[in-house]
Student: 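Quick one: this structure, given as structure tokens, is what I'll be asking you about.
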There are 2 protein chains.
Amino acid sequence: MAQALRFRQAPSPLKASCHQCSLSNLCLPLAVQDNDLDSLEDIVQQGRMYNRGEHIFDQSTPFRSCFAVKSGSVKTSIITEGGEEQVTGFFMPGELVGLDSMSGESYACTAKALERTSVCEFPIDKLEELTGKLPELQHHMYRLMSHEIQNSHQLAMLLSKNTAEERIASLLLSLSSRFQRRRMSGTNFSLPMARNDIANFLGLAVETVSRVFTRFQNQGIIRARGREVELLDIEALQLVTREFSRQGCQQ
Amino acid sequence: MAQALRFRQAPSPLKASCHQCSLSNLCLPLAVQDNDLDSLEDIVQQGRMYNRGEHIFDQSTPFRSCFAVKSGSVKTSIITEGGEEQVTGFFMPGELVGLDSMSGESYACTAKALERTSVCEFPIDKLEELTGKLPELQHHMYRLMSHEIQNSHQLAMLLSKNTAEERIASLLLSLSSRFQRRRMSGTNFSLPMARNDIANFLGLAVETVSRVFTRFQNQGIIRARGREVELLDIEALQLVTREFSRQGCQQ
DNA sequence: GTAGTATTTTGACTTACATCAATCTGGACG
DNA sequence: CGTCCAGATTGATGTAAGTCAAAATACTAC
């Protein structure tokens, strides 16, 4: 009952408990010593719940905070002047959203909840202050941002060099390993995003995504019904993603 | 004469002078107060000169340092297992190379001098230590990395949504503004990279790049002879890059 | 349940760019 | 000053994936 009452006042800054969080081995707490965890808790704010489709922030929002996904999932995308959308990433529990926005006044992208989602908020000024005091946390931030650059380069590579099948196989494998990190099934999961988002992210048309899904299904590599996906043959998927480089080798 | 002697011993760690560097308003010194500049100088090492084609580091090199381009220019690329190359960026004087490598033991990419190039080396452990002491420098590092993520997202967008003409126009405009930042001509410059690198970076075939260059030339938008480029009509180029979004608007 | 809308799938046709092949520079070097 | 060879250009042809159109399926809300 007391619990319920606490959640009612969610929009107001509510201290989160990293100590008790099941994601503490994935999220920022991963980088700090137990005795420093308190100082991290001091700056975290328990964010509110977002329903599917709600914006956590968009490109017109002044940049104040980074957000760690606590439950659910988030899609980030850039909206061009012409209204075109480019999905730049999907974020799952334990992952940090907003690292691409630390160089401007406003957020560099729009973040939207793909399902019912909760986040923890890290006000950037407090976070920077803290990373100045905790070298391991600073180091971890550098690592996270660096990793984000690598991810993005990887995506660019996928977009410029790989076929539709290779791109989709890569995405499925990426999702698989991220589910596994959270001790969930890596072969049997529910896609948090629509086909449309997948298509946009991978630089394909929806129709193409759909066709590849059915092709994979016919080949017995996956089983897909709507957003429910089962990876029947992970090795075959891995083979698909490497098909390209293997051919490059032969020449 | 004394000068000449100093440069002879270049390979050994030689303290660089940020105070006297003409790039101090672009590079890391930009972020530090005058009275803290000494501590930055203390950790910088004057790197050696690299001839065109020489590797500054590659994916097998253990990650130790970030490098600021002092003169010349650098190309970074990822080499896949299959030997395929994906160019991930071009770096000009004042820009920092290696930010994508801060999350692993080895460099995440290979950096190659596109012409005769000199760099300043920032050992990462010393740099992290220093950013822990100088909040503005830490802030600047976050900004740089964040900007790198944005750049990369921008590239992904270009690759997944834009035509060959739009991609090339974007690259030309990006180079133009980067030359201008260094108080050089933004309309009349020499491309540091080969057509091949442009093609690879933009996810195109060399032939396509070549064709677009001649098309632009026939339209009177640019004048190009080999690597020498003159932007005759910047507005037209900007128009090309926005062509796409404008059409998106009309629908 | 049923109506209504959004998402996904399937099929027919088109297109921008890749690929293949040949020719044309232009700078390095003896 | 010609020889060489990597890089750049130009042309002809093929194809993966986009676009358009329509049907099928999944959600939502009343």
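Order of the sequence lines fixes the chain letters, A, B, ..., with proteins taken first and strands second; residue numbering starts at 1 for each chain.
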Student: What I want to check is whether the side chains of R181(A) and S177(A) have a donor and an acceptor closer together than 3.5 Å.
Tutor: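 No, because no side-chain N or O of R181(A) sits under 3.5 Å from a partner of the opposite role on S177(A).
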
Student: Without decimals, in angstroms, what is the distance between L114(B) CG and dG7(D) C1'?
Tutor: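 L114(B) atom CG is separated from dG7(D) atom C1' by 15 Å.
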
Student: Give me the distances for all protein-to-nucleotides 16-20 of chain D N/O pairs that come in under 3.5 Å?
Tutor:
unit_1, atom_1, unit_2, atom_2, d
dA17(D), OP1, A164(A), N, 2.7
dG18(D), OP1, G203(A), O, 3.2
dG18(D), OP1, A205(A), N, 3.3
dG18(D), OP2, A205(A), N, 3.1
dG18(D), OP2, T208(A), OG1, 2.3
dT19(D), O4, R211(A), NH2, 3.0
dC20(D), N4, E207(A), OE2, 3.0

Student: With a 4.0 Å cut-off, would you call R215(B) and E165(B) a salt bridge?
Tutor: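 Looking at R215(B) and E165(B), the cut-off is met.
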
Student: Can a side-chain donor-acceptor contact be found between E115(A) and S73(A) if the only test is distance below 3.5 angstrom?
Tutor: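 The answer is yes; a qualifying pair exists.
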
Student: Under 4.0 Å from a heavy atom of chain A: give me the 5'-most and 3'-most nucleotides of DNA chain C that qualify.
Tutor: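 That gives a stretch of dT8(C) to dA12(C).
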
Student: Any sub-3.5 Å donor-acceptor pair from D100(A)'s side-chain atoms to A108(A)'s backbone N or O?
Tutor: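 No, the answer is negative, given that no donor and acceptor are paired below the 3.5 Å cut-off.
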
Student: Taking the ring centre of each residue, are F57(A) and F67(A) less than 6.0 Å apart?
Tutor: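 Yes - the distance between ring centres of F57(A) and F67(A) falls below the 6.0 Å cut-off.
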
Student: Does this structure show an ion pair linking K75(B) with E85(B), if we count only N-O contacts that are shorter than 4.0 Å?
Tutor: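 Counted as a salt bridge, because a side-chain N and a carboxylate O are separated by less than 4.0 Å.
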
Student: Using atom CG of D197(B) as one end and atom P of dA6(D) as the other, report the distance to the nearest whole Å.
Tutor: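 D197(B) atom CG is separated from dA6(D) atom P by 16 Å.
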
Student: Could you give the CG-to-P distance, from N196(B) to dA6(D), as a whole number of Å?
Tutor: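 My rounded result for the distance is 13 Å.
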
Student: Is R167(B) close to F201(B) at the side-chain level, that is, under 4.5 Å between some pair of heavy atoms?
Tutor: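 In short, these two side chains do not touch, never coming nearer than 4.5 Å.
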
Student: Between the side chains of R48(B) and E54(B), is the shortest nitrogen-to-carboxylate-oxygen separation below 4.0 Å, so that they form an ion pair?
Tutor: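 Salt bridge present between E54(B) and R48(B).
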
Student: In whole angstrom, give the distance that lies between atom CG of N200(B) and atom P of dG7(D).
Tutor: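 So the two atoms are 13 Å apart, to the nearest Å.
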
